[in-house]
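Sharing a structure below in C-alpha cells format, with a few things to ask.
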Amino acid sequence: MDKKNIVFSFLGNVLDQRGKGKKRWTRWRPTIDICNHPEWPIYRLELIYHTQDRKLLEEIILDIKTIAPDTQVNPIPVQIQDPWDFEEVYTCLLDIAKNYTFNNEQKNYYLNITTGTHVMQICWFLLAESRFYPARLLQSSPPARPSASPENFAAEPIANPPLCPSGQINIIDLNLNRYDQILTRFQQYATQATELLKSGIATKNRHYNQLISEIEQVASRSHAPILLCGPTGAGKSFLARQIYRLKLNQHQITGQFVEINCATLSSDNAMSTLFGHIKGAYTGASLSRNGLLRQADNGVLFLDEIGELGLDEQAILLKAIEEKQFYPLGADKLVSSNFQLIAGTNKDLKQAIIRGTFREDLYARINLWSYQLPGLAERKEDIEPNIDFELARFAQEYGTMPRFNQQSRDRYIQFATSAMAIWPGNFRELTASITRMATLSIQGNITQEQVENEIRRLQIHWQQVTLSDALIPAEIDEFDRYQLEKVIEVCRKSRTLSEAGRYLFAVSRAQKQRANDADRLKKYLAKFDLSWEQIKDSISKGN
C-alpha cells in the first residue's frame with residue numbers, strides 16, 4: 001500500500017493572495033501549486049495560518065477543493081507576534097509537533113519551506129534535522145511561463161477546474177553530514193528554545209496523581225517542611241525541584257534551589273557544609289564559609305537522604321527550621337536564613353528513631369507533610385508517558401529526537417509493564433534504559449533489535465540485583481550495603497575464595513608478612529552471616 005502524503009505549510013499572506021477574482025487563477029500561488037500535482041497527490045494539508053488571515057484561509061481552502069477535491073485541509077491557527085523572532089517561531093512549531101501524532105509507517109511527511117519568513121524556513125530545517133518532525137523538506141517554484149492568461153477567463157464562469165499555473169516541486173531529503181555547519185550555527189538558539197519547552201510528565205497512576213494534587217496545594221499554601229519518602233530513583237529530587245519552580249512562579253520565594261545528598265557528607269565536613277564556619281574555626285579554615293543553609297535563604301533547601309545526617313547536625317538543623325537562626329561552626333553570633341526545607345529519605349525514619357540514629361523531635365518537625373512516593377513497579381501505567389518524557393529530555397541535551405517504530409515501541413512497553421519487569425532502580429533506571437537505546441539509535445530510529453538487546457541487558461542486571469538482595473541483610477547501613485554488594489559481585493565472578501580475596505585485598509596484602517586472603521574474606525563475609533558456599537549456591541539457584 002502506497003503511503004499517503006502529509007504536508008505542513010504556512011499560509012503565505014503575500015504570495016497566496018496574488019490576484020483577485022478570476023485573475024487569481026493566472027497567478028502562481030505556492031499553496032495552490034503544491035496541491036495541483038495529480039502525479040503527487042496530497043492526502044492532507046496541515047495549513048498553519050495567522051489568525052488575522054482567516055478570510056484568506058477560507059478563499060484558499062475553496063480553491064484547493066476546486067483543483068484537488070480529495071485533498072483534506074486542516075487549518076492550524078497560530079498567534080505569532082513577530083515572524084522574525086527565532087525563539088517565538090521555533091516554540092510555536094515545536095508545540096505543534098508535540099501535540100501531533102506521527103505515523104511514519106503509513107504516511108510520508110513534508111515541511112513546505114516555500115512560504116513564510118526566512119526564520120520560519122530555518123526553523124523547519126532544524127525541526128526536520130533533529131527529528132521533532134520526522135519529515136522531508138519540500139520547496140515549490142513558479143513555472144517558467146504562465147500556463148494561462150487573463151483572456152482565458154474573460155467571459156465564461158468557471159465550470160471545470162481552472163488551468164492555473166503549475167510549477168515545480170523539489171523534495172529535499174536531509175543529509176545530516178552536509179548540514180552540520182548550518183546546524184552548529186543555530187544550535188545555541190535551538191537549545192535555548194528547546195529548554196523553554198521542557199514540561200512535566202502526563203502521569204496516569206491515580207494514587208500518584210492524588211498525591212501530586214495535594215502536594216501542589218501544600219506547596220502553594222504552606223512554608224512548612226515537606227518530607228518525601230520512597231525508594232532510590234522514585235523521583236524525590238525531581239519532585240523537589242518541581243515544588244521549587246511552583247513556589248518561584250507564584251512569587252513565594254526569590255532565592256535558589258540548594259540540594260545536597262546527606263549520604264555524601266562525612267562527619268568531618270558536614271557541619272561546615274551545611275551551616276558554614278568562620279575563619280579560623282579549625283585547622284585549615286583560612287576563609288569563612290556561608291554554608292548551604294545560608295545559600296538557600298529565601299529559597300528551598302533539599303536535603304536528600306536526611307536519615308544519613310549525624311545527631312549533632314540534626315540538632316542544629318532543628319533549631320534552624322524552628323527559629324530560622326543557627327550558629328556557624330566556631331561562631332558565637334547567630335546568623336539567619338529563611339529557607340523552606342524539603343527532605344528526602346529511602347529509609348524508615350521511625351526505625352532509625354528506635355535505633356537511636358535519628359532524633360524524634362526533628363522527625364516530628366519534618367513529618368507535618370509526609371508523602372510516600374511509589375516506585376516505578378507500582379506505577380507501570382506511567383511508564384509510557386515517562387518514555388516520551390525521557391526521549392524529549394534526550395533531544396534537549398543532544399539535539400536529536402529519537403523515535404521508536406510501532407513494533408519496537410510496543411515490544412518495549414509490553415516488557416516494561418510486565419510482571420517480569422521489577423525496576424529496582426525505579427525511574428532512574430528507566431532513564432538509563434531509554435538513554436542507552438537513544439544513544440545507539442541510527443539516525444534517531446530505535447529498532448526492535450535494539451529493544452531486544454536492552455531487554456536482555458536489564459534481565460541480566462535484575463537477576464544479579466535479585467541475588468544480591470536475597471543475600472544482604474535488611475537492616476544494614478548504606479555504607480556497608482554498597483561495600484557488601486561489590487564484594488558479592490567479585491565473589492560471583494571468581495572461581496575460588498582465594499582468587500576473590502587476592503583481587504579484593506590486592507593493595508593491603510603486600511604490606512603483610514603472611515597474606516591469607518581467603519581467610520580475611522571468609523571472616524568479612526561471616527560478619528554478615530554469609531559464606532562463600534551461600535553466594536555460589538545462590539547463583540546456581542538464580543539460573
Side-chain angles (χ1 to χ4, degrees), residues 6-14 31 44-54 57 74-102 104 109-139 172 174 176 179-180 182-202 238 241-242 244-246 248-251 385-403 438 444:
I6 310 293
V7 177
F8 288 83
S9 180
F10 278 103
L11 178 66
N13 56 14
V14 176
T31 298
R44 186 168 65 248
L45 177 62
E46 306 288 359
L47 191 53
I48 304 169
Y49 72 98
H50 297 88
T51 52
Q52 63 266 29
D53 295 330
R54 181 73 192 183
L57 171 74
N74 178 37
I76 302 176
V78 295
Q79 290 184 325
I80 298 176
Q81 301 300 320
D82 184 358
W84 294 94
D85 182 89
F86 186 94
E87 183 177 301
E88 185 181 5
V89 174
Y90 191 100
T91 300
C92 173
L93 295 179
L94 188 55
D95 280 339
I96 294 173
K98 287 172 61 179
N99 295 311
Y100 195 89
T101 301
F102 293 95
N104 290 83
Y109 296 96
Y110 302 89
L111 306 179
N112 181 19
I113 61 172
T114 311
T115 52
T117 64
H118 294 322
V119 168
M120 293 173 176
Q121 295 166 357
I122 292 169
C123 289
W124 276 140
F125 172 90
L126 292 175
L127 289 163
E129 196 277 341
S130 61
R131 301 291 293 173
F132 284 108
Y133 283 82
R136 289 181 286 179
L137 302 182
L138 177 154
Q139 187 167 32
I172 305 170
L174 292 181
L176 304 186
Y179 295 97
D180 281 348
I182 299 175
L183 178 62
T184 301
R185 180 177 178 182
F186 296 104
Q187 191 64 55
Q188 182 178 0
Y189 297 98
T191 300
Q192 292 172 353
T194 307
E195 179 63 26
L196 293 175
L197 301 170
K198 184 179 179 182
S199 59
I201 305 170
F238 175 79
R241 286 184 176 273
Q242 292 299 100
Y244 167 75
R245 293 190 180 103
L246 175 65
L248 193 66
N249 291 340
Q250 294 177 350
H251 307 291
N386 270 278
I387 290 172
D388 296 331
F389 177 81
E390 294 302 338
L391 291 173
R393 183 152 61 178
F394 184 92
Q396 176 184 342
E397 184 172 355
Y398 294 100
T400 299
M401 184 64 185
R403 295 182 186 275

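Note that the numbering runs from 1 along the sequence shown for the chain. As the structure is a computational prediction, the values presented were derived from the model and not from experiment.
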Could you state the interatomic distance from CZ (Arg393) to CG (Asn386), rounded to the nearest 0.5 Å?
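Rounded to the nearest 0.5 Å, the CZ-CG separation comes to 9.0 Å.
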Under the criterion side-chain contact (heavy atoms from CB on, under 4.5 Å), I'd like the reasoning laid out for Ile122 against Tyr90: C-alpha separation, chi angles, the key distance, then a yes or no.
CA-CA 9 Å; Ile122 292 169; Tyr90 191 100; over 6 Å; no
Starting at CG of Asn74, measure out to CD1 of Ile48 and round the result to the nearest 0.5 Å.
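Answer for the CG-CD1 pair, Asn74 versus Ile48, is 10.0 Å.
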With rounding to the nearest 0.5 angstrom, report the CG to CZ distance, Leu93 to Phe8.
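The CZ atom of Phe8 is 10.0 Å from CG of Leu93, to the nearest 0.5 Å.
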Exercise: identify the closest heavy-atom pair between Phe132 and Ala97
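It is O-CB, 3.8 Å.
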Got Leu391 and Arg403 here, is their nearest side-chain heavy-atom distance under 4.5 Å?
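Counting from C-beta outward, Leu391 and Arg403 never come under 4.5 Å.
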Can you see which heavy atom on Cys123 is nearest to which on Val89, and at what distance?
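Shortest heavy-atom separation between Cys123 and Val89 comes out as SG-CG1, 3.8 Å.
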Within a strict 4.5 Å, meaning less than it, do heavy atoms of the Tyr133 and Tyr100 side chains meet?
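No; the side chains remain at least 4.5 Å from each other.
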Main-chain N/O of Phe10 paired to Thr115 side chain as donor or acceptor, under 3.5 Å:
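Side chain of Thr115 to backbone of Phe10, a donor-acceptor pair under 3.5 Å: yes, one is there.
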Nearest heavy-atom neighbours spanning Leu45 and Ser9:
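Closest pair (atom of Leu45, atom of Ser9, distance): CD1-CB, 4.0 Å.
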The test is side-chain contact (heavy atoms from CB on, under 4.5 Å); show your working for Leu11 and His50 and say whether it passes.
CA-CA 8 Å; Leu11 178 66; His50 297 88; over 6 Å; no
Between Ala135 and Tyr110, which heavy-atom pair has the shortest distance, and what is it?
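What the structure gives for the nearest pair is CB-N, 3.9 Å.
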Interatomic distance, Cys92 atom SG to Ile76 atom CD1 [nearest 0.5 angstrom]
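If I round to the nearest 0.5 Å, the distance is 9.0 Å.
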Is there a side-chain contact between Asp85 and Val119 (heavy atoms, below 4.5 Å)?
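Contact flag for Asp85/Val119 side chains = no.
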Could you grab the distance from atom CG of Asn112 to atom CE of Met120, nearest 0.5 Å is fine?
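It is 12.5 Å, given to the nearest 0.5 Å.
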For Trp124 against Leu137, the heavy-atom pair lying closest together:
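Closest approach of Trp124 to Leu137: O-CD2, 4.1 Å.
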Just by distance, do the side chain of Gln121 and the backbone of Ile113 share a donor-acceptor pair under 3.5 Å?
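Checked: pair present.
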Take atom CD in Gln79; do more than 12 heavy atoms of anything else shown fall under 6.0 Å from it?
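Open: at most 12 neighbouring heavy atoms sit under 6.0 Å from CD of Gln79.
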Min side-chain heavy-atom separation Leu126-Phe86 under 4.5 Å
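A side-chain contact under 4.5 Å exists here.
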Between Gly399 and Ser130, which heavy-atom pair has the shortest distance, and what is it?
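Smallest heavy-atom distance, with atoms named: O-CB, 3.1 Å.
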Rounded to the nearest 0.5 Å, how far does CD1 of Ile80 lie from CD of Glu88?
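Going from CD on Glu88 over to CD1 on Ile80, the span is 6.0 Å.
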Give a yes or no on whether the backbone of Ala128 and the side-chain of Arg136 come within a donor-acceptor separation of less than 3.5 Å.
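Side chain of Arg136 to backbone of Ala128, a donor-acceptor pair under 3.5 Å: no, none is there.
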